[in-house]
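Counting starts at 1 for both ligands and their atoms, in listed order.
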Amino acid sequence: MASLFDHQDAKKRHAELVKAIRHHDALYYQKDAPEISDADYDALRGELEVLEAKYPDLVTPESPTRKVGAEAASGFKKVRHAVPMLSLSNAFEDQDVLDFIERVRNFLNLKNAAISVVAEPKIDGLSCSLRYEGGKLAMAATRGDGAEGEDITANIRTVKDVPHILKGDPPDILEVRGEIYMRRDEFAALNAAQEKAGKPVFANPRNAAAGSVRQLDPKISAARPLHFFGYALGASSAPIADSQWDIRKKLKSYGFAEAEPSQLCETAEDILAYYRKVMEGRAEIPYDIDGVVYKVNRIDWQERLGFVSRAPRWAIAHKFPAQQAVTALKDIVIQVGRTGTLTPVADLEPVTVGGVVVSRATLHNEDEIVRKDVRVGDHVIVQRAGDVIPQIVGVVMDKRKSGAKKFVFPDTCPVCGSKAVREEGEVARRCTGGLICGAQAVERLKHFVSRNAFDIEGLGDKIINEFWTEGLVRTPGDIFRLAENDAKGIAQLKNREGWGAQSVKKLFDAIEARRTIGLERFIYALGIPQVGEATAKKLAANYASFDNWVAAMTRAQDRESEAWTELLTIEDIGPSVAGDVVDFFAEAHNREVLQDLGSVLTIAPYVVPRAGSSPVAGKTVVFTGTLSQMTRGEAKARAEALGAKVAGSVSKKTDYVIAGEDAGSKLKNARELGVAVLSEKEWLDLIA
Ligand code: IVH
C-alpha cells in the first residue's frame, strides 16, 4: 500500500504507474485495442491518485491524473475553414481599450464620429465553427491552426444547444462561430462522478469541455454536459445583418443561445463601465469567463478594418486581471531555447492558481531574478493571466529563511557546457554552442514540426526528445527519412514501448502528408530569429519560390549587393531582421540543412491570395503622399488583401506608385525609374 512506501519507493512506483497508464491510454484511445479490462485500468489510476494525494510533489502537469482525453486528439479528419478562424488581440488596462478605439478611428479616418461597440462576455471554452447548408447542420470543426481544424461533427451533434435545423429563413450557406463550454456546476458534478468511479478529474471547465469534445467516441461526448454560444460568422452566402448587434438577434432567431449580459456601448465610458459591471458580477455567471469582448458594431466598418495576422482589427478581448497564489520555490532550473537563450524557470511546490495546478513558472531572465531578488527556498507569488505561461511576480520577504543564498546565474550552458554570453544591450544570455548544443538542436526540431510550421501530428515534444536522444532524428531532413530507415531496420519504431504497427503507420502517413509544403510555412519552420509567421509570409510573397529565395539570400550576404537592398524594401523588414535572415545563410550548417530539405521535400511556390481575381494580385505597390479617401494603414491592408505586395521604397521592381497629395521623393524616384504612377482615384478604380 502507498502509505507504507517511503518517498524513494513512491517515486519509483509513480513512474511505473504513469508509464503503464500512458501505454494503456494509447492502446485504448489511439488504437481502439485495450489490453486490460476497464476495472483493471481504473485500479491503476486509483493507485496513482492515492499516491499523488500522499506525495503531492510527485504531481506534474503531465501526470495522467491531470490530463484526460487529450490523448484522444488524433483520429479526426482535417477540414479547411472556408474563412479563417481568427483569434483576438488582448487589452489588459483601460488605456489599451482607449487605444483600440483610437486605432479604429484613425484607420477609418473617422475624426470625431461615434463608434458603437457591442460588448459581451468572453467565454473560457473552445471555439468551434458550425456550417449549415440549406439550414441543416452539415459540419462542425475545431479552430485548429485557424486555417485548418478537425471535423468534430459527430460529437457536436450531441450538444443540446447546437440546432440541427435552423429556425426562420437563414441563408443557404451559413457558418456560425462560437464557443463550446461547460457550466461550473456541471463541471463539479462531472468531476464528482469521475472521482467516484475512480477516474481522473479535470483541472477546470475548459479542459473538461475540450476533453469531452475531443473524445473519439461520440457516445462519451453525448454523456457530457456541453453548451454552445454563437458569437460571430464565418462564410455566408448572403449577409444576415448590417450590424453586430443585429447578428446577435438573428442568431437568436435561428435558435442559438447568446452570451449575456451584452450591451451596445456608444462611448468609451460605457465600455469601461460594462467591463467593471461584468467583472464584479462574474461569480453570478454560471460559466467561466476570462474577460469581455468588444466588437465594432457596423459590419461595413468591420469589413474595411479587416484583420492583422491572426486577429481582427475590429474586435478586442479585455481580459480580467491575473490570478495569484503563494508557494515555495524548490529550485531554479535553466532552460535552453531554440536560439540558445538561457531562461530561468521556477520549479515550484504545486499550487492551484485560478483552478489550474502550477508547478513551473517563468522567471524571465537574469535581470528579473536580481530585480526581484528571488532565492531558492523562498515563498514566491505565482501569477496566471489568460493563456500566458505562469510567472513569478515577487517574493514574500517575511517568509525568507535566514541563510537563503542569492542566485548565481550560470555563465556556461547547462546542456552543452559552452560559454553563455550576454551581448551589450541584450537582456538574454545565450549559449554559444550553436547546433553542437543538444538543447538548441532539439528545440529547433520541435519548432520545425510545430502546428504553424510543418504541423506533423504524432511528433510531439516528448517523441522529438526521445528520437533525438536515440539519434533517430538529428536534423529536420531525418524526419523525412524515418520511414526509409525504419524499413531498413534502423529505427524499428513498432517495437517501441506503447507503439504498434498502426501508430507507426499513422506517424509515417502524417509525415508523408507534409512532404509537400508551401514556401511561407517552410520559411517559418526554419526558426530564423525574428522571422515569425508574418515575416515568413512576406519573404515568401516577395521571392515566390524556394530556389529564388535561396539564391537571393546567398547574394545578399554582400551588403553592397542589390539583393540586400531588395530585402530591405520588403515592408516591415529592417536591417535587424534582414541581418538575422542573412546570418542564417552565412552558417554552413544551415546551408546544409536547406540543401538536404530541398532534396527530400517539394517546396511549393507561394500562392498569391485570390490570384487572378484582382488586377493587382502579385504586383508590388508603393503608397506616397497624403491619401484623402482612406488612411495609409487601410490602403495598405486593402492592397494586401487583394494579393498585392506593399513596399516601403521605390525600386525597378515596383509596379505602381500611388501618389496622394504632396508626394515627394518617392514620386520623383518613380518618374526617374519609369514606374507607373497612379492617382488615388485611379488606384481605387483599378481595385474596384
Ligand atoms: S469573437 C473574429 N467573441 O476567444 C471573431 N470570441 O482569445 C473572433 N471567445 O478564438 C472571436 N468568447 O474562441 C469572440 N464573445 C466572444 C468570445 C470569443 C470567447 C474566444 C474565441 C477566440 C478566443 C480569442
Side-chain angles (χ1 to χ4, degrees), residues 81-92 96-97 100 104 117-130 140-150 152 156 161 175-183 204-207 209-210 213-214 226-236 241 243-245 247-249 251-252 256-265 271 274-275 278-279 282 285-299 301-320 384-388 451-452 641:
H81 299 301
V83 172
M85 280 183 84
L86 302 176
S87 176
L88 290 170
S89 28
N90 293 323
F92 295 98
D96 300 336
V97 178
F100 163 70
V104 169
V117 162
V118 172
E120 61 188 18
K122 181 173 187 306
I123 305 107
D124 198 6
L126 70 148
S127 46
C128 177
S129 180
L130 306 175
T142 61
R143 181 167 80 183
D145 64 2
E148 197 179 70
E150 284 173 330
I152 48 165
I156 292 303
D161 293 1
E175 283 179 8
V176 177
R177 266 96 198 248
E179 203 83 352
I180 298 277
Y181 68 97
M182 197 179 278
R183 285 201 322 246
N204 53 43
R206 173 162 47 89
N207 285 6
V213 162
R214 292 165 73 81
L226 294 170
H227 302 270
F228 179 83
F229 279 131
Y231 52 58
L233 301 183
S236 141
S243 72
Q244 187 69 34
W245 191 249
I247 287 182
R248 281 181 58 97
K249 283 199 203 148
L251 288 178
K252 243 190 230 168
F256 291 98
E258 291 295 285
E260 297 295 353
S262 59
Q263 190 178 321
L264 187 56
C265 303
I271 293 179
Y274 168 86
Y275 173 77
V278 177
M279 185 162 58
R282 198 173 166 184
I285 297 182
Y287 43 86
D288 278 357
I289 60 176
D290 55 346
V292 296
V293 183
Y294 310 129
K295 300 172 184 172
V296 170
N297 192 34
R298 276 177 59 162
I299 303 297
W301 284 357
Q302 289 187 2
E303 282 165 359
R304 281 177 60 193
L305 285 158
F307 54 89
V308 228
S309 209
R310 300 174 160 270
R313 282 197 194 82
W314 47 266
I316 197 161
H318 193 177
K319 293 295 200 70
F320 292 146
R384 247 189 84 235
D387 308 330
V388 300
R451 191 149 88 173
N452 297 327

I need the atoms of ligand 1 closer than 4.0 Å to a non-hydrogen atom of Val293, numbered in the order shown.
3 (N), 15 (N), 16 (C), 17 (C)
Does any N/O atom on Tyr231 come nearer than 3.5 Å to any N/O atom on ligand 1?
yes
Can you find a side-chain donor-acceptor pair between Arg248 and Ser262 that sits under 3.5 Å?
yes
Can you name the residues that form a side-chain hydrogen bond (donor to acceptor under 3.5 Å, both in side chains) with His81, not counting sequence neighbours?
none
Part of Ala311 within contact of ligand 1 (heavy atoms, under 4.0 Å):
neither
Would you please classify the geometry between the His318 ring and the Tyr275 ring as parallel, tilted or perpendicular, with 30° and 60° separating the classes?
parallel
Please could you name the atoms of ligand 1 that Glu120 approaches to less than 4.0 Å, counting only its heavy atoms?
3 (N), 15 (N), 16 (C)
Nitrogen or oxygen atoms of Ser87 and ligand 1 under 3.5 Å apart
no
Could you name the option among Ile123, Leu86, Leu126, Ile289 that has the heavy atom nearest to atom 19 (C) of ligand 1?
Ile123
Does only the side chain of Lys295 get under 4.0 Å from ligand 1, or the backbone, or both, or neither? Count heavy atoms.
side chain
Between Arg143 and ligand 1, which residue portion shows a heavy-atom distance shorter than 4.0 Å: side chain, backbone, both, or neither?
side chain
Tyr181 and Phe229 aromatic ring geometry - parallel, tilted or perpendicular at 30°/60° bounds:
parallel
Check the side chains of Arg177 and Ser129 for a donor-acceptor pair under 3.5 angstrom, ignoring hydrogens and angles.
yes
Contact partition for Lys122 relative to ligand 1, non-hydrogen atoms under 4.0 Å:
both
Within-cut-off N or O pair, Pro312 and ligand 1, under 3.5 Å
no
Decide whether Tyr231 and Glu179 meet the rule of one side-chain donor and one side-chain acceptor closer than 3.5 Å.
yes
Which atom names give the shortest non-hydrogen contact between Val293 and Lys122, and what distance separates them?
CG2-CB, 3.6 Å
